[in-house]
Amino acid sequence: MPKTAPLRPRRRQLAEPMASLGELLREWLPRQRWFAGKDRPVAELGLLSMTELFPGCLHLLVHTGQDAVPAPGGAPSAGDCYQLLLGVREQPSPRLGRAVIGQVRDGPLAGRTVYDALHDPRTAQLLLERLRHPGKAGPLRFESDPARPVPGGLAPRLLDAEQSNTSLIYGDEFILKLFRRVQPGVNPDLEVPDALARQGCGRVPAPVAWMRTTHPYEATLGVLQPFLHDASDGWTLSLDALAAGDDFTVQAHELGQTMGDVHLALASAFPAGPPGENDRTAAAMTERLNAAAHCVPALQPFVPGLRAAFAALTTCDSGPPAQRIHGDLHLGQVLRAGRDWFVIDFEGEPSRPLAERRSAHSPVRDIAGMLRSFDYAARQRRPWRPEWARRCREAFCAGYAARAGWDPRKKHGLLRAYETDRAVYEVLYEARHRPDWLPVPMAAIERLAVRGD
Ligand SMILES: Nc1ncnc2c1ncn2[C@@H]1O[C@H](COP(=O)(O)OP(=O)(O)O)[C@@H](O)[C@H]1O
Ligand SMILES: O=P(O)(O)O[C@H]1O[C@H](CO)[C@@H](O[C@H]2O[C@H](CO)[C@@H](O)[C@H](O)[C@H]2O)[C@H](O)[C@H]1O
């Protein structure tokens, strides 16, 4: 059993900066795909916990503070907590390549090279062993579902994908997602698939093991689940279909059916939310729009038209009851194996507070997310194929209506408001993470603000 935190006493809370290791991390963090605040320098960095996971591998939770620019929700950022696994070596090794963070100048690690240990197959193997044998390491807890044993000796590889987190694949049989941005509480990407598995919902891979911490607060750190090795994600499939000039309506219809089933299972697995209050929804959406327009000036000319979409909510019926939803549904979150669709990544929109992501929302929000995604896909090719997107959107809604018992197409005002809200989120997301993609949601903003369809 590895020893706990021998290198340095664990501090209770964020305290002084981490000397030269802190400088290295401050420079390295904003270059990581999963780092949320790329547009601002890391002004402060504090150590929340440090545990020796194995000899030569430290588990860290660090707090990053950035300048108080309004976050997507409108509130100034109070900072974030990130999970890091740091490999520590006496000598730099060329094999570590891009994983190297740097050489530490002073402090307990003086002279040693630190690197992102998730790029190290040995760390990945040892991590799987920890998950296979429930136990503790300092504040870290490794737990598993005894009904779903995981075999040993599976070869690891790092998932090479644009991700908000970091995932390791083991023997093409399991995938471990390590959450990079950690918030207090149970992560919905563990909570929801676990609850759905208990409902017997076969459309969501069930967690087999997970990792959590008890310090500085209770939080989920990672989830291991079956890897659907023969599946392709909906984004890739839709782009392939577009490139080949193929119709995608059969797949979109089946996807709508799957989402109808998943929403029904979610409604059974979690308590219903309070009855929808369109006034409050409109106010929250307007607030998010104002915050986004402050960060992305290109939105400003469209603000009056977009506000009208939210204001119109007050004259709509409240639609289907609020319930737990996926929260960040798009074509990259669905996998197709044979003719079956599966849904992954129940974390919700990463920039929203965890409490909000874990509360009940209108299922229309998920529908709007997927409808926006067909538009994103259609805009990846020139000439733009609006008809392709329109047919997919129609087929998806028809499939959904066949299972869920209500038809999104009959909720035009609600759908327009949620689609607008999602497009506003996407503008902010693209401005922060992929500025080249900004024209994609901006085109929708223009359409929704000006034509309203
Ligand atoms: N159970 C799974 N089976 C197969 N591939 C998966 C599975 N879970 C995730 N993936 C792949 O990993 C990618 C990233 O997973 P995701 O949960 O969306 O991570 P993130 O939240 O970091 O973006 C997905 O787009 C998919 O290609
Ligand atoms: O990392 P996540 O998958 O949790 O989600 C974030 O990143 C997505 C992009 O990778 C982003 O999705 C947007 O781009 C997709 C194409 O790459 C498109 O299919 C989606 O419709 C569009 O929203 C997502 O918004 C963001 O939360």
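All residue numbers refer to positions in the sequence shown, counting from 1. Atoms within a ligand are numbered from 1 in the order they appear, just like the ligands themselves. Note that this is a predicted model, so its numbers are computed, not measured.
A donor-acceptor pair under 3.5 Å links the side-chain atoms of Y170 to the main chain of A124, judged by distance alone. Looking only at distances, a side-chain donor or acceptor of T258 sits under 3.5 Å from a matching main-chain atom of E254. No side-chain donor-acceptor contact under 3.5 Å links D116 to the backbone of A99. No donor-acceptor distance shorter than 3.5 angstrom exists from the side chain of Q257 to the backbone of Y400, with no hydrogens or angles considered. Listed for the T213 side chain is a donor-acceptor partner under 3.5 Å among the backbone atoms of H215. In this structure, R212 contributes its side chain and A219 its backbone to no donor-acceptor pair below 3.5 Å. At least one donor-acceptor pair closer than 3.5 Å links the side chain of S268 to the backbone N or O of L264. Formation of a donor-acceptor pair under 3.5 Å by the D366 side chain with backbone atoms of H326 is found in this model. No side-chain donor-acceptor contact under 3.5 Å links Q199 to the backbone of A195.
Using a 3.5 Å distance cut-off with no hydrogens or angles, the side chains of H63 and D80 do not pair a donor with an acceptor. Looking only at atom types and distance, the side chain of Q323 has no donor-acceptor partner in the side chain of H361 under 3.5 Å away. For the residue pair D233 and T236, a side-chain donor N or O sits within less than 3.5 Å of a side-chain acceptor on the partner. N165 and R181 are not linked by any side-chain donor-acceptor pair at a separation below 3.5 angstrom, with hydrogens and angles left out of the test.
Note on R357 versus E349: no salt bridge recorded, every NZ/NE/NH1/NH2 to OD/OE distance being 4.0 Å or above.
Ligand 2 has no N or O atom lying under 3.5 Å from any N or O atom of R372, backbone or side chain. In terms of polar-atom proximity, defined here as any N/O pair under 3.5 Å, T166 makes no such contact with ligand 1. The shortest N/O to N/O separation between K177 and ligand 1 falls below 3.5 Å. Close N/O approach between R434 and ligand 2 is found [any backbone or side-chain N/O within under 3.5 Å]. On a distance-only criterion, D233 and ligand 1 share no N/O pair closer than 3.5 Å. Considering backbone and side-chain N/O atoms, Y376 never comes within less than 3.5 Å of an N/O atom of ligand 2. Checking only distances, W437 never comes within under 3.5 Å of ligand 2, N or O to N or O.
In this structure, atom 10 (N) of ligand 1 lies nearest to the protein heavy atom I175 CD1, 3.7 Å. Looking only at heavy atoms of the protein, atom 24 (C) of ligand 1 is closest to I344 CD1, 3.6 Å. For atom 21 (O) of ligand 2, the nearest protein heavy atom (residue, atom name, distance) is S373 OG, 3.0 Å. For atom 18 (O) of ligand 1, the nearest protein heavy atom (residue, atom name, distance) is D345 OD2, 3.0 Å. For atom 7 (O) of ligand 2, the closest non-hydrogen atom of the protein is Y429 OH, 2.9 Å. With hydrogens left out, the protein atom closest to atom 8 (N) of ligand 1 is Q225 OE1, 3.6 Å, a heavy atom. Of the protein's non-hydrogen atoms, R33 NH2, 3.8 Å is the one closest to atom 10 (O) of ligand 2. Nearest to atom 3 (N) of ligand 1 among the protein's heavy atoms is L228 N, 2.8 Å. Ranking the protein heavy atoms by distance from atom 23 (O) of ligand 2 puts E426 OE2, 2.7 Å first. Considering only non-hydrogen protein atoms, atom 27 (O) of ligand 2 sits nearest to Y425 OH, 2.5 Å. Counting protein heavy atoms only, atom 5 (O) of ligand 2 is closest to D328 OD2, 3.1 Å. Shortest contact from atom 6 (C) of ligand 1 to any protein heavy atom: L335 CD1, 3.8 Å. Counting only heavy atoms of the protein, atom 3 (O) of ligand 2 lies nearest to H330 NE2, 3.2 Å. Among protein heavy atoms, atom 1 (O) of ligand 2 sits closest to S164 OG, 2.5 Å. Here the protein heavy atom with the shortest distance to atom 5 (N) of ligand 1 is F227 CE1, 3.3 Å.
Residue R280 places its CZ atom among 12 or fewer non-hydrogen atoms of other residues, nucleotides or ligands, all under 6.0 Å distant. For R198, the CZ atom sits in a loose shell: 12 or fewer heavy atoms of surrounding residues, nucleotides or ligands are nearer than 6.0 Å. Within 6.0 Å of CG in D230 there are more than 12 heavy atoms belonging to other residues, nucleotides or ligands.
Side-chain contact between W34 and L29 is present, with heavy atoms from C-beta onward closer than 4.5 Å.
Ligand 1 lies less than 4.0 angstrom from a heavy atom belonging to S164. Put simply, no part of R379 is less than 4.0 Å from ligand 2, judged by heavy atoms. At least one heavy atom of G332 sits closer than 4.0 Å to an atom of ligand 1. Taking a 4.0 Å cut-off on heavy atoms, P226 registers as neighbouring ligand 1.
The L159 neighbourhood of ligand 1 comprises atoms 12 (O), 13 (C), 14 (C), with distances under 4.0 Å to a heavy atom of that residue. Each of the following atoms of ligand 1 lies closer than 4.0 Å to a heavy atom of E347: 21 (O). With ligand atoms numbered from 1 in the order given, ligand 1 contributes 1 (N) to contacts under 4.0 Å with heavy atoms of P205. Numbered from 1 in the order shown, with element, the atoms of ligand 1 that lie under 4.0 Å from a heavy atom of Q333 read 18 (O). Here is the list of ligand 2 atoms found below 4.0 Å of a heavy atom in D345: 3 (O), 4 (O). Proximity to N165 (heavy-atom distance under 4.0 Å) selects the following atoms of ligand 1: 20 (P), 21 (O), 22 (O). Listed by atom number, the atoms of ligand 2 under 4.0 Å from W235 heavy atoms are 16 (C), 19 (O).
Heavy-atom proximity to atom 25 (O) of ligand 2, evaluated over H433, E349, R422, is greatest for R422. The closest heavy-atom contact to atom 15 (O) of ligand 1, among the options R33, Q163, R180, comes from Q163.
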List the steps, then state whether side-chain hydrogen bond (donor to acceptor under 3.5 Å, both in side chains) holds for T166 with R180. CA-CA 7 Å; T166 300; R180 287 300 197 162; 2.8 Å; yes

Could you walk me through whether H294 and Q300 pass the side-chain hydrogen bond (donor to acceptor under 3.5 Å, both in side chains) check? CA-CA 8 Å; H294 181 76; Q300 279 160 14; 5.9 Å; no

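Neither the backbone nor the side chain of Q380 comes within contact range of ligand 2; no heavy atom lies under 4.0 Å.
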